[in-house]
Amino acid sequence: MGVKDGGKVPQQDNSNGYKGLIYYMMTIMIITILLNGLIFPSVVKQKVVEVGYNDFLTMVDQGKVQKLERGEDSIMFIAEDASGRQQVYKTGRWDDPNLTERLYRAGVEFGEVIPQKESVIMSFFTNWILPIGIMIALGQIMSRMMAKKMGGNAMTFGKSNAKIYAENETGKTFADVAGQEEAKEALKEIVDFLHDPKKYSDIGATLPKGALLVGPPGTGKTLLAKAVAGEAHVPFFSISGSEFVEMFVGMGAAKVRDLFKQANEKAPCIVFIDEIDTIGKKRDGSGMGGNDEREQTLNQLLTEMDGFDGKKGVVILAATNRPETLDQALLRPGRFDRRIPVELPDLKGREAILRVHARNVKMDDTVDFNAVARATSGASGAELANIVNEAALRAVRMGRKVVCQADLEESVETVIAGYQRKDAAVSENEKRIVAYHEIGHALVAACQSNSAPVHKITIVPRTSGALGYTMQVESGERFLMSKEEALNKIATLTGGRAAEEFMFGSITTGASNDIEQATKLARAMVTRYGMSDQFGMVALETVTNQYLGGDTSLACAPETAKAVDDEVIRTVKAQYDKAMQILRDHAGKLNELSEYLLEKETITGEEFMEILNRQQ
């Protein structure tokens, strides 16, 4: 809970908790009274009627006396009254020597007529202590059952589930983060402020209240937040945005209050909210059901970020891969002052990340991390870590004690296309079709300028469903693609299908992924890149969720959409015809390379280029 205007910390309203406790105790008392009256009734003193001794003897002779108890100066007995109901009677005791024999003849039972009163302690225990104990036990059982169903302690709804790491316990520093130098530079100022706030306060500067880490999944947003806490040596609060969303309206807002209260008590500290888009989505004003709870949580978060004192050293870090969905009030200066992009690493960054993850893995001296980095264009930090781990696992399977270059290259292919299916039952005819298909891709790529060099060609089936693939690796990092390069790439993608049609006179389903990629690129050229003579520099498509796949939607009239489709079809068909012409011109090399691939199953780019450049 943050510091409000005037520096006063408002007291948390616990009236709801007290009301709940009162209702709970009243329920226990009512049920206890009912149990005391129905299940544990007190002993009620029965009414006793006094009669004369002669009347007593008459009742004995008539057989009405059922049970009798002799006292020192009286006789108590149970007999039937005039209406036939049992009644307790009392009479004086007379010295009658024949009474005992008379009673035996009448079948009277001797014993206690009125039970003795139980002890006061036992009465209090059975009538009060035992029922209350039973109710408390039942309450505890019900509370635990509710906690299991609701995923937490049912009696602590308003408590935050933030994980608190004490000083140095995150175990991460900036040395553990590679490939994100710009993001680290932006965060180092926060660390410096937490170390030496005086030099900032002397000039009148205040610490940014919040920093929003934005980027695709797996790029190290959470790792950066932990590294900031590790560098600053301050407590680190970590919580996911989904943990604020509760079934009951108001519970999420209570958790936000509790989190900021803890943060102020531990200041200086860092609060990290992962996946903040869960609670920070734009408010639509519907106010129905779960949206109302989410909006209340967001409103409370906005209030708390406005309320706490930035000079105390409480820094809010948040991460998301859907920044376009966040509410604008959350992004304004004074709340999340900084937006720090955490993008996919470039070539240099990928090499640095591979080296970081290889520190604890035994590597061969000949391992070339630069070659692996060039083969993994577009990979995130998490994927690169997985590649290193897969290489280590492969080395163990192969019986080696160190990881070699072949392990890393195979792990790259494993992550891209899946494991090898060496037992896949592929017929010779299908293998021949696949071989010509893959050589078709490679040959069209090699015969065009401005095309990435062929690195590897294989027809070994993979668990992803691919029966083969051709890998092209750029010699360096590329950030821009010209129109000619885009068209060449479409021609390369269509080369496999063109080779099938050229050699066998028929086509198969093996080009489905090629068709998808070629169509996607051709459409982007027309609608987003302005590479169409017909439409020029007009944006006809919008991209949403750029960090989560980049879904697109057309933003044009139906007539224009049809014209776009026609242009895309013309573009792909023109490049298909180009690929077909290249294969016709190099039909001899197509046959020679395909036969060589059928024999070897996997060939390198060097072997491919050697055969291609060999004079016939």
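Values below: every heavy atom of this structure, side chains too, minus hydrogens, waters and symmetry copies.
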K.L.:
Nearest 0.5 Å, please: how far is OG in S240 from CD in E275?
P.N.:
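Taking CD in E275 and OG in S240, the distance rounds to 6.5 Å.
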
K.L.:
Quick one, N488 with E484, criterion side-chain hydrogen bond (donor to acceptor under 3.5 Å, both in side chains). Give me CA distance, side-chain angles, the key distance, then yes/no.
P.N.:
CA-CA 6 Å; N488 288 347; E484 293 73 21; over 6 Å; no

K.L.:
Rounded to the nearest 0.5 Å, how far apart are CD1 of I490 and CG of L521?
P.N.:
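Between atom CD1 of I490 and atom CG of L521 there are 4.0 Å.
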
K.L.:
Could you give me the CA-CA distance, side-chain angles and deciding distance for L317 and V271, then say whether side-chain contact (heavy atoms from CB on, under 4.5 Å) is met?
P.N.:
CA-CA 6 Å; L317 296 180; V271 177; over 6 Å; no

K.L.:
Do L408 and V412 have side-chain heavy atoms sitting under 4.5 Å apart?
P.N.:
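They are not in contact (no side-chain heavy atoms under 4.5 Å apart), so the answer is no.
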
K.L.:
Report the residue from I239, V315, T222 that forms a side chain to side chain contact (heavy atoms under 4.5 Å, CB included) with F272.
P.N.:
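Only one of I239, V315, T222 forms a side chain to side chain contact (heavy atoms under 4.5 Å, CB included) with F272, namely T222.
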
K.L.:
At what distance, to the nearest 0.5 angstrom, does CG of L224 lie from CD of E231?
P.N.:
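Rounded to the nearest 0.5 Å, the CG-CD separation comes out at 11.0 Å.
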
K.L.:
Salt bridge check: are K456 and E413 linked by an N-O gap of less than 4.0 Å?
P.N.:
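Here K456 pairs with E413 in a salt bridge, since their nearest N and O are under 4.0 Å apart.
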
K.L.:
Would the distance check show the side chain of E485 and the main-chain N or O of S482 forming a donor-acceptor pair, the cut-off being under 3.5 Å?
P.N.:
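Confirmed, E485 side chain pairs with S482 backbone.
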
K.L.:
Does the side chain of I387 reach to within under 4.5 Å of the side chain of T414, using non-hydrogen atoms?
P.N.:
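Sidechains of T414 and I387: no contact.
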
K.L.:
Are the side chains of Y469 and T458 in touch, meaning some heavy atoms are under 4.5 Å apart?
P.N.:
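A side-chain contact under 4.5 Å exists here.
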
K.L.:
Does this structure show an ion pair linking R523 with D565, if we count only N-O contacts that are shorter than 4.0 Å?
P.N.:
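Between D565 and R523 there is a salt bridge, with a charged N closer than 4.0 Å to a carboxylate O.
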
K.L.:
Are K188 and D192 close enough for a salt bridge, meaning some N to O gap below 4.0 Å?
P.N.:
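So K188 does not pair with D192 through a salt bridge.
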
K.L.:
Show the nearest heavy-atom pair for residues C269 and F237, with the distance to one decimal.
P.N.:
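Smallest interatomic distance, heavy atoms only, reads SG-CE1, 3.8 Å.
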
K.L.:
Evaluate the criterion side-chain contact (heavy atoms from CB on, under 4.5 Å) for residue pair L354 and E351; output intermediate values, then yes/no.
P.N.:
CA-CA 5 Å; L354 288 169; E351 185 176 349; 5.5 Å; no

K.L.:
So do E343 and P216 actually touch side chain to side chain, heavy atoms under 4.5 Å?
P.N.:
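Contact flag for P216/E343 side chains = yes.
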
K.L.:
Given the rule in the side-chain contact (heavy atoms from CB on, under 4.5 Å) test, do F260 and Q300 qualify, once you have shown the distances and angles that lead to the verdict?
P.N.:
CA-CA 10 Å; F260 277 84; Q300 187 64 46; over 6 Å; no

K.L.:
So E295 and N299, side-chain hydrogen bond (donor to acceptor under 3.5 Å, both in side chains) or not? Walk me through it.
P.N.:
CA-CA 6 Å; E295 288 185 9; N299 291 336; 5.6 Å; no

K.L.:
Go through it in stages, so that I can follow the logic: the residues are F174 and V191, the test is side-chain contact (heavy atoms from CB on, under 4.5 Å), and I'd like the CA-CA distance, side-chain angles, deciding distance and then a yes or no.
P.N.:
CA-CA 11 Å; F174 283 143; V191 174; 4.1 Å; yes

K.L.:
Have a look at Q180 and tell me which of T219, I340, L213 forms a side chain to side chain contact (heavy atoms under 4.5 Å, CB included) with it.
P.N.:
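Only one of T219, I340, L213 forms a side chain to side chain contact (heavy atoms under 4.5 Å, CB included) with Q180, namely T219.
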
K.L.:
With the threshold set at 4.0 Å, does a side-chain nitrogen-carboxylate oxygen contact exist between K281 and D277?
P.N.:
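No, K281 and D277 are not salt-bridged.
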
K.L.:
Under 3.5 Å, side chain of K221 to main-chain N/O of G215, donor-acceptor pair present?
P.N.:
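At least one qualifying donor-acceptor pair exists.
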
K.L.:
Using modelled atom types only, decide if a donor and an acceptor are shared between the side chain of K226 and the backbone of F236 within a distance under 3.5 Å.
P.N.:
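No.
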
K.L.:
Using modelled atom types only, decide if a donor and an acceptor are shared between the side chain of K184 and the backbone of V177 within a distance under 3.5 Å.
P.N.:
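Yes, K184 side chain to V177 backbone: donor-acceptor pair under 3.5 Å.
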
K.L.:
Could you check Q575 against T494 for side-chain hydrogen bond (donor to acceptor under 3.5 Å, both in side chains), going step by step and ending with a plain yes or no?
P.N.:
CA-CA 7 Å; Q575 297 312 304; T494 62; over 6 Å; no

K.L.:
Going by heavy atoms in the side chains, are P341 and V214 under 4.5 Å from each other?
P.N.:
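They are not in side-chain contact.
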
K.L.:
CG of L554 to OG1 of T560: how many Å apart, nearest 0.5 Å?
P.N.:
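Result: 9.5 Å between the selected atoms.
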
K.L.:
Does the side chain of T492 come within less than 4.5 Å of S451's, by heavy atoms?
P.N.:
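Yes, close enough: below the 4.5 Å cut-off.
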
K.L.:
Between D176 and R359, is there a salt bridge with N-O shorter than 4.0 Å?
P.N.:
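Yes, charged N to carboxylate O under 4.0 Å.
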
K.L.:
By the definition side chain to side chain contact (heavy atoms under 4.5 Å, CB included), identify the one residue from R355, R374, Q405 that meets it with F369.
P.N.:
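Result: among R355, R374, Q405, R355 is the only option passing the side chain to side chain contact (heavy atoms under 4.5 Å, CB included) with F369.
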
K.L.:
Show the nearest heavy-atom pair for residues L330 and G280, with the distance to one decimal.
P.N.:
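Distance-wise, the nearest heavy atoms are CD2-CA, 4.1 Å.
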
K.L.:
Please report the closest heavy-atom contact between P268 and L194, naming both atoms and the distance.
P.N.:
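Where P268 meets L194 most closely, the heavy atoms are CB-CD2, 4.1 Å.
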
K.L.:
Thinking salt bridges, do K562 and E559 make one under a 4.0 Å N-O criterion?
P.N.:
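Judged by the 4.0 Å cut-off on N to carboxylate O distance, K562 and E559 do not form a salt bridge.
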
K.L.:
What's the shortest heavy-atom distance between R350 and T376, and which atoms?
P.N.:
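Smallest interatomic distance, heavy atoms only, reads CD-O, 3.2 Å.
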
K.L.:
In the structure I gave you, are the side-chain heavy atoms of H441 and D514 within less than 4.5 Å of one another anywhere?
P.N.:
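Contact flag for H441/D514 side chains = yes.
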
K.L.:
Indicate yes or no: at least one non-hydrogen side-chain atom of M525 is less than 4.5 angstrom from one of L487.
P.N.:
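SC-SC contact between M525 and L487 confirmed.
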
K.L.:
Between R338 and E185, is there a salt bridge with N-O shorter than 4.0 Å?
P.N.:
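No salt bridge links E185 with R338.
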
K.L.:
List the steps, then state whether side-chain hydrogen bond (donor to acceptor under 3.5 Å, both in side chains) holds for E541 with T527.
P.N.:
CA-CA 5 Å; E541 196 173 51; T527 60; 2.8 Å; yes

K.L.:
Could you go through the salt bridge (charged side-chain N to carboxylate O under 4.0 Å, His left out) check for E304 and K255 one step at a time?
P.N.:
CA-CA 12 Å; E304 295 294 341; K255 285 191 174 186; over 6 Å; no

K.L.:
Check whether any side-chain N or O of R528 sits under 3.5 Å from a backbone N or O of L540 as a donor-acceptor pair, and report yes or no.
P.N.:
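No; zero donor-acceptor contacts below 3.5 Å.
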
K.L.:
Rounded to the nearest 0.5 Å, what separates atom CG in L331 from atom CG in D337?
P.N.:
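Going from CG on L331 over to CG on D337, the span is 11.0 Å.
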
K.L.:
I need the minimum non-hydrogen distance between M363 and A358, along with the two atoms involved.
P.N.:
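Heavy-atom minimum between the residues: CE-CB, 3.6 Å.
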
K.L.:
Looking at D407 and R394, is there a salt bridge between them, counting it only when a charged N and a carboxylate O are closer than 4.0 Å?
P.N.:
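Salt bridge between R394 and D407, a charged N being under 4.0 Å from a carboxylate O: yes.
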
K.L.:
With rounding to the nearest 0.5 Å, note down the distance linking CD1 in I316 to CG in L301.
P.N.:
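Between atom CD1 of I316 and atom CG of L301 there are 8.0 Å.
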
K.L.:
What heavy-atom pair brings A253 and T297 nearest, and what distance separates the two atoms?
P.N.:
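Distance-wise, the nearest heavy atoms are N-OG1, 3.7 Å.
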
